[in-house]
Amino acid sequence: MESTFPVFDPASPQAESIRDLFVQVLIISAGIFAIVSGLICFALYRFRVTEKLPVQDFGSHRREIAWMAGPVIIVIWIAVISIKLILTINALPPQYAKGGTGDDGIDIIVTGHQWWWEVEYTASGIVSANEIHIPTGKRLRVALRSEDVIHCFWVAQLTRKMDAIPGHENFVWLEADKPGTYQGRCAEYCGTQHAWMNFLVIAHEPDDFNAWQQREQQTAAAPSEKLASDGAALFMKLTCSQCHAVSGTQAKEDFAPDLTHLASRSQLGAGVIKNTPENLRIWLANPQAVKPGCKMPNFKLKDEQLDQLVAYLETLR
Ligand code: CUA
């Protein structure tokens, strides 16, 4: 699923212009590398140890000026094309240009937590975690926040990198040309499980996106089956409900990922394992063994309790 070289496989106009800049700088760097290593090889060969001393030469102002000016021009050129690109990909489209629209036209609020991503859709009120669903062909304004330390939001095939900083809101534009699943990562070291702070951006055709949105807006129905309803009762009785939210129940906390549609997500623990009933059971039995240092403690649940909780959580689709 994941592209091997995502930067070279852009799926949005923004990522395409980043790829183009990257290729330009790569070509310039490769040229410099070839010239410098060529000169080193030439010098090694031409001035290899021989019987007699080569002609002693002490400096040349012309050459010194040339090798100072050359790099300065190259660095200025790279700065100009980089700044131009940054200004282009950060630019507000006309409908936002005047600003002050109240919520600044934010479509999605993404909040970094150690070590997962909270995702809120401002128009529909949907709250989810580690998965961002978007319609194709639409530029969405994403606000980036952090609950704890500095994280960095990066979907190489779709957007630039942008830090999520506590107490300061940043923005990126998120857009995908075609439907697909795009890998997102935290790109700023943020503690023990920085490596497992992944997320997915899932781009749908607009109709499919609307269907997803309708499903996701539904609150969780009370489970009818005995095992699952015992699990629901246990979920509320144990401390699960003091960190997580399940809409339509009394679990309303946002310290940990919202679980209203947990079973419809494809991964657990911000990408650490696939979301299957077996893996969910392994996770609940001891999250610390799966993702050491994560904020979910080991509740030392009994087998029977694990069965009940898994049965309940699997109803949350
Ligand atoms: Cu969050 Cu690295």
Side-chain angles (χ1 to χ4, degrees), residues 1-7 9-12 14-15 18 22 86 89-90 106-122 126-134 140-174 176 181-203 243-245 253-259 262 265-275 279 283 286-298:
M1 172 198 73
E2 194 188 349
S3 183
T4 317
F5 298 105
V7 173
D9 193 10
S12 76
Q14 182 185 149
I18 292 171
F22 185 73
I86 291 171
I89 63 181
N90 285 359
I106 295 164
D107 298 295
I108 304 173
I109 301 167
V110 174
T111 307
H113 296 254
Q114 283 176 319
W115 291 277
W116 60 283
W117 300 91
E118 183 183 345
V119 184
E120 292 170 70
Y121 302 78
T122 52
I126 294 167
V127 180
S128 187
N130 304 324
E131 266 186 20
I132 304 173
H133 291 254
I134 59 170
L140 299 167
R141 193 166 196 222
V142 178
L144 296 170
R145 299 176 184 169
S146 170
E147 268 302 300
D148 35 50
V149 300
I150 300 174
H151 303 278
C152 182
F153 179 90
W154 191 34
V155 193
Q157 286 181 273
L158 303 179
T159 65
R160 58 168 301 178
K161 282 181 189 164
M162 182 58 90
D163 280 359
I165 299 170
H168 173 88
E169 201 167 56
N170 275 339
F171 301 93
V172 281
W173 293 103
L174 191 59
T181 301
Y182 305 97
Q183 182 70 55
R185 297 187 185 284
C186 179
E188 179 70 53
Y189 182 74
C190 55
T192 323
Q193 286 298 346
H194 156 71
W196 289 114
M197 192 168 162
N198 296 340
F199 60 100
L200 298 173
V201 174
I202 298 148
C243 288
H244 294 281
E253 295 301 323
D254 62 359
F255 179 79
D258 186 296
L259 301 180
L262 171 73
R265 302 204 281 258
S266 62
Q267 302 177 328
L268 292 173
V272 73
I273 41 173
K274 278 215 174 85
N275 187 7
N279 282 346
W283 172 266
N286 186 4
Q288 295 300 320
V290 184
K291 191 172 176 179
C294 77
K295 302 283 157 106
M296 176 147 159
N298 179 357

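In listed order, ligands and their atoms are each counted from 1.
Nearest approach of Cys152 to Lys161, heavy atoms of both residues: SG-CB, 3.8 Å. Between Lys291 and Trp283, the shortest heavy-atom contact is CB-CZ3, 3.8 Å.
Residues satisfying the ring-ring contact (aromatic ring centres under 6.0 Å, His included) criterion with Phe255, sequence neighbours excluded, are absent altogether. Trp116 meets the ring-ring contact (aromatic ring centres under 6.0 Å, His included) test with His113; sequence neighbours excluded.
Here the side chain of Gln157 pairs no donor or acceptor atom with the backbone of Pro6 at under 3.5 angstrom.
Under the side chain to side chain donor-acceptor pair (under 3.5 Å) criterion, the residue pairs touching residues 189-200 are Arg185-Asn198, with sequence neighbours excluded.
Excluding waters, the set of protein N, O or S atoms lying under 2.8 Å from atom 1 (Cu) of ligand 1 comprises His151 ND1, Cys186 SG, Cys190 SG, Met197 SD.
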